[in-house]
Protein chains: 2
Amino acid sequence: MSNQSMNGFIGITSKQPASVPLASSGTKSASRPCPHNPGISCSNCRLSDLCLPISLNKSEIVQLDEIIERNRPLRKGEHIYRQRDEFRCVFAVRSGSFKSYVLGADGQSRVTGFFMPGEIIGMDGIGSRIHGVSTMALEHSSICEIPFAQLERLSHQLPNLQSRFFAIMSNEIVKDQQIHTLLSSYTAEQRLASFLLSLSARYARCQLSAERFILHMTRSDIGEYLGLTLETVSRVFSSLQKKELVLVKNREIEIKEMAKLKAILGE
Amino acid sequence: MSNQSMNGFIGITSKQPASVPLASSGTKSASRPCPHNPGISCSNCRLSDLCLPISLNKSEIVQLDEIIERNRPLRKGEHIYRQRDEFRCVFAVRSGSFKSYVLGADGQSRVTGFFMPGEIIGMDGIGSRIHGVSTMALEHSSICEIPFAQLERLSHQLPNLQSRFFAIMSNEIVKDQQIHTLLSSYTAEQRLASFLLSLSARYARCQLSAERFILHMTRSDIGEYLGLTLETVSRVFSSLQKKELVLVKNREIEIKEMAKLKAILGE
DNA sequence: GACTGCAATTGATCAATGACAACTATTTTT
DNA sequence: AAAAATAGTTGTCATTGATCAATTGCAGTC
């Protein structure tokens, strides 16, 4: 709704699934013109050691590069895809951040995940060929689009890529299991502590500060993700601040006592 | 502890990771002697259309069969592997059922999943090469052991197998996301209803009754899985019985009003 | 700068579920 | 078969976090 009216032109949404022409999958060499991001490729991407290319050699990365489409950036609120859309691609976050969510029978949304640079989005659709969630940019963001049929074909040629993708999916399963235990046994405070520590570690992974960062999601998003109400999220932030473990100024977070924050999870 | 003292001989545990000799991976033809299950192979397994072999052709199934090890059955309480064990294999449930669980810092366990025939266990270890959970038989059960290195090698030769395994892992991710939303927004009654319906559907999938089945896990296991105490699980079962939606007699469940049970999730 | 709408905070109250405890039933061991 | 251990039920009370409501803060727009 407002998502589409806020743009002059519409992004990669369900309304025009085939609107973005794929690269011809021919066998020309490394440098391929990319309309929105000339000169950007996996080979020179500073995320390449946390993203898909890990454990690939130079020539393999070049081949991977061939099938990746780098589209124009997405604005805050734009969707990569929506629940029930046909699955065609997985996506790597190049910059910015995203949330995935489902709409329940009653119409209210539940957030299933947040995604940061170097992370892969959309793997839930591989088995069913349908996206089970919607995924939306939380800020101005850019992604690499990877047509899955081509990724499968290439994985078949490159054992390293096959292994890498198995590993990425496995890590996603582990992450989901950790959230399972979080949701089934942690208190509100433990959930928030765990959430902040997770964000911190992921920011650190992409060379950003582990102590100071911006929450690009709302309190409500966080609550939907952690199984809490937005009021509880707000209250716990206030309480953590009163204890001087963190400093919360709107969306800005500063972790003052990393060790004590971890100690909350300790027992 | 009691797990090991209860057996005269010890199963596939961390204590003897290499105790079960793998099949030689040579290229001999279909029928391969299997010490504990002569004559059993994927080709004649009645689960073959819900397990790994889906979408493989005859000759591909024979090749898959080559790398699968079918060990002696496990007794109730025996482990397939334990948390922190080195990852080497994934496992398919042939009969019986299993639970996976983690032990928290405080020593109490949290159940991360239940597994029924035709389902694949152990994929959490692929990325990290370490099992993040322990997996235990809930009853007398048997499994197919699939050395992952060989599975990867074979997947590289058989595109259908590669696709199939991507799909299985994706389905696992979807399942985990559904539990995420269950834990973050459902009431105790909705969780139990959803749990019973899930079991029912999975029993139906392997040709068993969708209306009558046995719970092989304890109330405590169910509670740990659903983020409830065992007392709450017990109370909700009693309440569902009072409403005549189900009949609960110890571990025996009979679903009397499938539609009404689904309606609990409806709003 | 005032207006509008969304996001966040804080307070008061309530309800669902947890914790503890007593008791019963079932299974396992001897 | 008896004894012991484990599993399950039910009751009471306590607590966490949800709900409802009022207020403040902030960002974008006219």
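Each chain gets a letter, A, B and so on, in the order the sequences are listed, and its residues count up from 1.
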Atom NZ of K260(A): over 12 foreign heavy atoms under 6.0 Å:
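Open: at most 12 neighbouring heavy atoms sit under 6.0 Å from NZ of K260(A).
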
Specify the separation, in whole Å, of atom [atom1] of [X] and atom [atom2] of [N].
X	N	atom1	atom2	result
D221(A)	dC6(C)	CG	P	15 Å
E224(B)	dG18(C)	CD	C1'	15 Å
L215(B)	dT26(C)	CG	P	15 Å

Is the closest side-chain donor-acceptor distance between S95(A) and S142(A) under 3.5 Å?
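Judged by distance alone, the side chains do pair up.
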
How is [X] classified with respect to the nucleic acid when contacts are heavy atoms under 4.0 Å: base, sugar-phosphate, or nothing?
X	value
L230(B)	base
G223(A)	nothing
R191(A)	nothing

Counting only side-chain nitrogens and oxygens, does [X] get under 4.0 Å of the OP1 or OP2 atom of [N]?
X	N	result
S238(B)	dT10(D)	yes
S234(A)	dA8(C)	no
N250(A)	dA7(C)	no
T232(B)	dG18(C)	yes
R251(A)	dA8(C)	yes

For nucleotides 11-15 of chain C, print each protein N/O atom paired with a nucleotide N/O atom at under 3.5 Å, atom names and distance only.
from	atom 1	to	atom 2	distance (Å)
dG11(C)	N7	R235(A)	NH1	2.8
dG11(C)	O6	R235(A)	NH2	3.1

Determine, for R202(A) against E119(A), whether the closest basic-nitrogen to carboxylate-oxygen distance falls under 4.0 angstrom.
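Between E119(A) and R202(A) there is a salt bridge, with a charged N closer than 4.0 Å to a carboxylate O.
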
In terms of side-chain geometry, is the basic nitrogen of R251(B) or E139(B) positioned less than 4.0 Å from the acidic oxygen of its partner?
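Looking at E139(B) together with R251(B), the answer is no, because their closest N to O distance does not fall below 4.0 Å.
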
CD1 on I173(A) to CG on D176(B), rounded to 0.5 Å:
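It is 6.5 Å, given to the nearest 0.5 Å.
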
Going through the distances and angles, do R212(B) and E254(B) end up as a salt bridge (charged side-chain N to carboxylate O under 4.0 Å, His left out)?
CA-CA 4 Å; R212(B) 289 178 58 97; E254(B) 181 174 355; 2.9 Å; yes

Just report the end-to-end axis angle for the helix from dG1(C)-dC30(D) to dT30(C)-dA1(D), five pairs per end, to 10 degrees.
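Answer for the end axes of this duplex: 50°.
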
Parallel, tilted or perpendicular for H131(B) and Y81(B), by the 30°/60° rule?
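Ring orientation of H131(B) relative to Y81(B): parallel.
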
On the 0 to 90° scale, with breaks at 30° and 60°, tag the F195(B)-Y225(B) ring pair as parallel, tilted or perpendicular.
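Tilted: the ring planes of F195(B) and Y225(B) meet at 30° to 60°.
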
If you compare all heavy atoms of I120(A) against all heavy atoms of A92(A), which two are closest, and at what distance to 0.1 Å?
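Closest pair (atom of I120(A), atom of A92(A), distance): CD1-CB, 3.8 Å.
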
